Amino acid sequence: MLGCDNRVERAVPAANVAADPLTGFEIDPALLLRCHREARQDGLAILGWYHSHPNGRPSPSAEDAARAGEAGKLWLIVAGGTLHAYVSTADTPRFTPTDLNILPPGAAG
């Protein structure tokens with residue numbers, strides 16, 4: 001997800017290129033580099049990531065925690081047909097639940 005000032009401007013879909021996509025996830029490194037380049041060119045930043053949990057568990061997994069990296073990033077997880085939002089932290093636990101304000105395109109935030 002690309003944006004600025006905690007406002008997501010663009011969500012970039014990415015295929016899961018993990019060896020076993022049913023139990024893990026990995027964003028294509030070439031796509032990730034392209035997104036970093038595009039964000040810089042457009043005056044945006046990578047605000048975070050989104051993915052689904054086919055097992056229906058709405059909370060971040062151990063793999064999510066292992067891949068969280070930088071603190072302060074938004075993690076959106078779709079599980080059981082519902083969107084769940086978290087912010088990564090430098091502490092344990094690695095994620096803090098957060099609220100989202102979802103605005104229609106073009107709406108002022």
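Worth saying up front: this structure is predicted, and the values here are computed from it rather than measured.
- Smallest separation of non-hydrogen atoms from Leu47 and Cys4: CD1-N, 4.1 Å.
- Of the possible donor and acceptor atoms, none in the side chain of Asp28 sits under 3.5 Å from a partner among the backbone N and O of Ala15.
- In the hydrophobic clustering of ILVMFWY residues, with side-chain heavy atoms under 4.5 Å counting as a link, Leu83 and Phe95 come out apart.
- Among Asn6, Val87, Leu76, the single residue meeting the side chain to side chain contact (heavy atoms under 4.5 Å, CB included) criterion with Thr98 is Val87.
- When side chains are defined from C-beta on, Leu2 counts as touching Ile46, because their heavy atoms get closer than 4.5 Å.
- More than 12 non-hydrogen atoms from other residues, nucleotides or ligands lie less than 6.0 angstrom from CG of Asp20.
- Screening residues 36-59 for side chain to side chain donor-acceptor pair (under 3.5 Å), with sequence neighbours left out, gives Arg10-Asp42, Arg34-Glu38, His51-His53, His51-Asp64, His53-Asp64.
- No donor-acceptor pair closer than 3.5 Å links the side chain of Arg67 to the backbone N or O of Glu26.
- The shortest distance between side-chain heavy atoms of Ile77 and Pro58 does not fall below 4.5 Å.
- Applying the side chain to side chain donor-acceptor pair (under 3.5 Å) test to residues at least two apart or on different chains, none of the pairs has a partner in residues 69-94.
- Counting heavy atoms from C-beta on, the side chains of Val17 and Ile27 never come closer than 4.5 Å.
- Under the 4.5 Å side-chain criterion, counting only non-hydrogen atoms from C-beta, Val12 is in contact with Leu31.
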